[in-house]
Structures are given as structure tokens and as C-alpha cells.
Amino acid sequence: MESVSFPPLSSIAICGGTHGNEMTGVYLVREMQKHKVDKIGSVSISTVLSNPRAVDVCRRYTETDLNRCFTDALLSSAITDSTPYEVRRAQELNAQLGPKGSEKAVDMLIDLHNTTANMGLCLIFYNADYLPLQIFKYIQNKMLSVPVRAMQLDIPLSDAYSLDSLGKHSFSIEVGPQPNGVLRADIFNIVKEAVDHTIAWLQEFNSGSTFKAGEVEAFTVVKSVDYPRDPVTGEISAAIHPQLQDNDFKLLKPGDPIFLSFTGETVKHEGEELYPLFVNECAYYEKKIAFHLAQKRTFKLPSIHMKKD
Amino acid sequence: DTSCHPERVAIFGGTHGNEMSGVTLVNLWMKNSDEIQRKGVEAKPFITNPKAVEKCTRYVDTDLNRAFTPENLSAPGGDELPYEVQRAQEINKVFGPKGSPEAYDVIFDLHNTTSNMGCTLILESSKDHFNLQMMNYIKKAIAPASCLVLLNEHPLLKYSTSRSVAKHPVGLEVGPQPQGVLRSNIFEAMRVILKHALDFIELFNEGMEFPSCSVEVFRVSERIDYPRDANGNIIAMVHPNLQDCDWEPLNPGDPMFQTFDGKTIHYQGSGTVYPTFINEAAYYEKQQAFVTTRRETLVASAIGKA
């Protein structure tokens, strides 16, 4: 493959508190703001506390999930008195860091998240953007004491719903397990290191380095599985089975246990072999997701370098 | 009180609406109570904070598990009172009145924590020989699995719990589990503890004697807050060496907190303590990073029909 060039990446945004109770991003952004971090070498940095109202009350959101408000439709919807706070906030963020899809948007947006699932360090991005894929490969080679993986969402930009879709080349950093409302030092240190490596990569990129071609594996979600529920009340009637709990990214085969009901029955996985992700994520109970199932795919990466004028 | 004949037992779930083991177990038993029935024992499952359970939040206006103070229980104001104070008064009417002969004999209050506490039984009085004997029975029944006893009799740090309405209040605290999450292993562990607790009550009612025994407890000593700046914001996190090390000895000089730029703050106490409730989500707002305890052996008097 020929080397692919991109314009310099000179403006980035680091966002935390998109979900107000995911503490690592909240505190990392606050620290950067305390130290007035706005430029590192060739990269100018905006640090943003995405959902300050939710951060104040330490909840995921106040009226609706901010990280689902960035579809083209919601970004252009009319604001009325009854518009939820997060939809308004999304439009504010779009004006500040976007507009989504335009030349004015930040070159890169990194959104920091935590999960209650045992996902280790996971980069999440849309489609097969070479830039986050190269950064993923770079981080994976630098951070050897923690599992580093990538999750890819196959969604056209217009339907892309998350904050990071505002930037030209963006990704989320999702680290777990960490309970909502809890700040763990080990998780904080991991996220800080990943952000530091990303900024280092950007410096190298902007100074003209070429990043070699290669291959990376990433996981693409193909479907989601809900909890077994009581047909009348809708309440869940089983918990994630102990053999699946904490085993994100471990291949699930037909016949493997997935749920253990409160009356002792085991529910088994049926269908093709797939990789479970976001197993027992707190925020997904209300979205009717017990876990996602993904395929593992290999992505061929060209070498990339900065386009010189 | 060796003459008590515990017939009225309650099992409280949802005192904190996002602690899912208790919510799930109590809902299960309200639908079908076979599992919790014992001869001579009327075991009543009860959701103490239904509004908080519905919103999957710890509390709506104020922490129900701090609300059972004498002031709150006698406060006038009806509908104008905070939701949980109204709830406390209702619960006190049904299961109390606190301190009176009509109060329930035993209340089990089911809780989860984000701390790595394993199975913990919480005792409010070192002189409650019935509870001490029950806890001894439970510990032996689940061995080699561990179930530790936390004694909170501290004059300042003790608080007015939902279960304190009963003559013999028993707290069950199982972790680690994130708020709003139901983990199968945590759920089943709590279920097993309750099974043994109810077995104990049944045996006692049938006339079994329980000879005097020693019970190791961890007595609450001191609350340690996060280092904070002038505005009250935390400036350091529980150190990775202390995180998840509930019940392990913390010695003077051991790492305790880590600042955001990586510096270590060490424990400066005068002796070895046993920290617990390390990094509990709900305690950031209560100014508590962890609580220190000291190990003690209590002697439980013999109980049972002579």
C-alpha cells in the first residue's frame, strides 16, 4: 500500500465528563484545566468538561444521554422550551468543537470514558479511519502491562451519535472496570498514559515522521443481547453468568453459559462464535443490553505521514 | 438478651436504591417467600426506599440509612419533610417503634459496596449477645469462605440506620459491586449468608443452646478523608497499593494516597490499623476515603433455653 498523507493535526480536544459519573475523564480534564494546559509542542489542546450539569450531580446524564445526541438530525433539531438539556449542550459543543463534518472542526477529539465492564483499555472509533488505527497500534506497542484493544463502529457519519464524531479524526478511550462515581488510581494512571502517548504520537506526526504500515485487530459489534426479563413486569430475571462475568473479549462459543437465573437455571449462548464486549455495563440495563457481541477483524494499515504544503 | 424469642424478622432491601443485591433478593422473596420461611419465624421482605429503587439512585432527598435519628423520627411536618424522613417515620411505625417492646426482633439490612470488602456483617453493639452468636454461627457455616464482622459503636461515627429500629439490627454488606450493577457471585453470596442467618434463628427458637464463644470483630476507629484543596476538591486518589486491600493491615509509612501527578502520601498513624470501606462511591460526599478499624475479640455469652 502506498503511504497515505494527512494535513497536520494541530488542534485537538480532550473531553471528559460526557457521562458525569465516569470519574477518570472528569478528573483528568480538571487537572489539565488547573494546569492551564492549552498547547503541547505543535498541538493546541482544548480541554472540555462535556456535561457539567451531570458532573455536578455525579450522574450519567440529567435528562438524556449526551453521548447519543450527536446525530445530524439531533444537531440540527429546533430548540424549544421542552428540549432536553443534553440536546442543547450537544449543539453548543458542536458549535465549539465542530461543526461536525466541516473544515472548521477540531482535527482530533478524544473522549474519555469509563465502564463497569472489564474492558481494560479500549479505543473506540468509527469506520476504518487510519489515524486512530495507527494511534491504537502505537499505544498497544507502548503499553504492555494492560490489555489494549480496539472497537470499531460501522456507522455512516450522519448517523454517528457520539461526541467524538464532531472531530475530523476521533476516538474514545474507554477504560474499565471502574464503578460509577469512583476514581481508581490505577485506572487514572492508565488513561493518563494513553493520553500522553496520543499527544506524543501527534508531535511525531506533525514533525514529519512516517508511521509504518501494518495490521491491527479490532472488534466490530454485530448484535446485542438483553437480559432475560419477566414478561409482565419487564424486570430482569437473571444475572450475567459467573463464567461470562469479567470475560470481555474472550471468545464465546455455542453452549457457553451466559446467564444464571435467580431460580438457578443456566442460559447458554446459541449461534455463531463471537466476542462479548461491555459485559454487565451499568448504564446499559436501561438500554436493554446485557452485553454486545462482536466479530474480530484484521485491518490493513498503510503507512501514514503528514502532508507537507 | 438471652431470653429473646425472635419471631418477627424483617429483611430490608433497597435502603440504598442502587445497591442491587438487596433490591433483587427482596423483590424475589416478595413474589415467592418459600426460601426465607422457617418454622416459628415470620420473615418479612421489605423495600425500604421504593422511590430511590425506581430511580436506581442511592437516595432521593437524603440518605435513608442516616435518617433514623430521634429528631427525625419525631419531626412534625408530614408531607413537607424530606422523602426519606417521611419514610423513616413510616418504617418506624411498622417495624418499631425504635426502642420499644413492640419493635421487630431482628432486621437484616442488605447493602452492597464498591469497596472490596467481601462478605461483611455489621454489628451496632458489642453487648448484643444474640447477634454475636448469630454472626459466629454464620462465620462457621460459610467457612472456609470468609465473612468478617465490622463493629460500629463509635460515639461520633455511629449512625442511625434503617435496621436500628429493631431490637437486633444486622447489616449485611457485600462487595465489590458497582452501583446499579447486579453481579451473580455477589448476589448468591448474600443469599447464602441470609440462609444461614435464618437457619440460626430457627435453631434458636427450637431450643438449641449456643455456648459462650469468641468472635473476632473489627471495631471502627477513625474516618480518613481524601486530601482536598481549599475549595474542597479532592487532590489525590486512594493509592494503588491500598486500593482493594480492605481488611489488610495498614502500617505507619505505608502508601495511602497518590496525587494526580504521581506523588505518594503515606499513612501517618501511630500503629497498625485495618482499613475498610476503601473507595466507596457513596462516601466521597461524606468526606471518607476509608475507615480504619482495630481488631478485637469479643466474648459472646451462652444463649438458648436452659
Side-chain angles (χ1 to χ4, degrees), chain A residues 21 23-24 26-28 30-32 34-35 57-60 114-117 176-190 192-193 227 230 232-233 235-246 257-264 266 279-286 290, chain B residues 18 20-21 23-25 27-29 31-32 34-35 53 55-58 112-115 175-188 191 226 229 231 233-244 255-262 264 278-285 289:
Chain A
N21 54 11
M23 306 310 287
T24 311
V26 172
Y27 278 91
L28 200 51
R30 277 189 182 152
E31 276 301 293
M32 293 179 84
K34 221 168 35 168
H35 292 105
V57 291
C58 197
R59 303 215 25 105
R60 182 176 175 85
N114 294 120
T115 173
T116 58
Q178 181 170 269
N180 294 341
V182 165
L183 182 65
R184 285 182 67 105
D186 54 358
I187 300 282
F188 180 91
N189 295 340
I190 287 168
K192 181 165 192 302
E193 196 183 336
Y227 291 94
D230 180 296
V232 172
T233 63
E235 297 292 318
I236 68 171
S237 56
I240 297 283
H241 195 281
Q243 282 179 44
L244 173 57
Q245 179 68 54
D246 302 333
I258 52 177
F259 297 110
L260 180 61
S261 83
F262 305 144
T263 47
T266 296
V279 177
N280 209 347
E281 160 54 48
C282 173
Y284 289 176
Y285 282 69
E286 71 176 18
Chain B
N18 53 12
M20 304 310 291
S21 303
V23 171
T24 308
L25 280 170
N27 281 337
L28 197 66
W29 292 331
K31 262 197 329 206
N32 182 344
D34 288 353
E35 197 179 329
V53 170
K55 295 183 179 200
C56 197
T57 188
R58 180 177 176 86
N112 293 118
T113 173
T114 59
S115 306
Q177 180 171 268
Q179 298 167 342
V181 163
L182 183 72
R183 286 183 66 103
S184 184
N185 61 334
I186 300 285
F187 172 82
E188 297 293 345
R191 199 175 194 170
Y226 292 94
D229 65 19
N231 297 323
N233 300 313
I234 73 170
I235 54 174
M237 309 168 277
V238 171
H239 195 280
N241 286 20
L242 176 59
Q243 178 68 51
D244 300 336
M256 186 171 57
F257 295 109
Q258 182 211 294
T259 65
F260 295 118
D261 53 3
T264 299
I278 299 174
N279 208 345
E280 160 53 51
Y283 290 172
Y284 283 65
E285 69 176 23

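Order of the sequence lines fixes the chain letters, A, B, ..., with proteins taken first and strands second; residue numbering starts at 1 for each chain.
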Could you grab the distance from atom [atom1] of [X] to atom [atom2] of [Y], nearest 0.5 Å is fine?
X	Y	atom1	atom2	value
B/Ile234	A/Leu183	CD1	CG	5.0 Å
B/Leu182	A/Asn280	CG	CG	7.0 Å
A/Asp186	B/Asn241	CG	CG	10.5 Å
A/Ser237	B/Lys31	OG	NZ	7.5 Å
B/Met20	A/Ile236	CE	CD1	6.5 Å

Could you pull out all residues at least two apart from A/Ser261 that satisfy side chain to side chain contact (heavy atoms under 4.5 Å, CB included)? A/Ala238, A/Thr263, A/Glu265
Compare all side-chain heavy atoms of [X] with those of [Y] and state whether any distance is below 4.5 angstrom.
X	Y	result
A/Phe262	B/Leu25	no
A/Leu260	B/Glu188	yes
A/Ile187	B/Gln243	no

Heavy-atom cut-off 4.5 Å, strictly under: side chain, backbone, both or neither for [X] against chain A?
X	value
B/Lys55	backbone
B/Gln179	both
B/Asp244	side chain
B/Thr24	side chain
B/Glu35	neither

Can you name the nearest heavy-atom pair linking [X] to [Y], along with the distance?
X	Y	answer
B/Ala281	A/Asn180	CB-O, 3.8 Å
B/Ser184	A/Ile240	CB-O, 3.3 Å
B/Thr57	A/Arg59	OG1-NH1, 3.2 Å

Chain A contacts, top residue of [options] (heavy-atom pairs, under 4.5 Å):
options	value
B/Pro240, B/Pro176, B/Ala282, B/Pro178	B/Pro178
B/Glu280, B/Arg191, B/His239	B/Arg191
B/Val181, B/Asn185, B/Leu28	B/Val181

With distance as the sole criterion, is a donor-acceptor pair present between the side chains of A/Asn189 and B/Gln258 under 3.5 Å?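 Side chains of A/Asn189 and B/Gln258: pair found under 3.5 Å.
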Are A/Lys34 and B/Ile235 close enough, and set up right, to give a side chain to side chain contact (heavy atoms under 4.5 Å, CB included), and what steps lead you there? CA-CA 11 Å; A/Lys34 221 168 35 168; B/Ile235 54 174; 4.0 Å; yes
List the residues meeting salt bridge (charged side-chain N to carboxylate O under 4.0 Å, His left out) with B/Arg183, not counting sequence neighbours, and say none if there are none. A/Asp246
Assign the ring pair B/Phe260 / A/Tyr27 to parallel, tilted or perpendicular, where the plane angle (0 to 90°) is split at 30° and 60°. parallel
Between A/Glu286, A/Gln245, A/Glu235, which shows the greatest number of heavy-atom pairs under 4.5 Å with chain B? A/Gln245
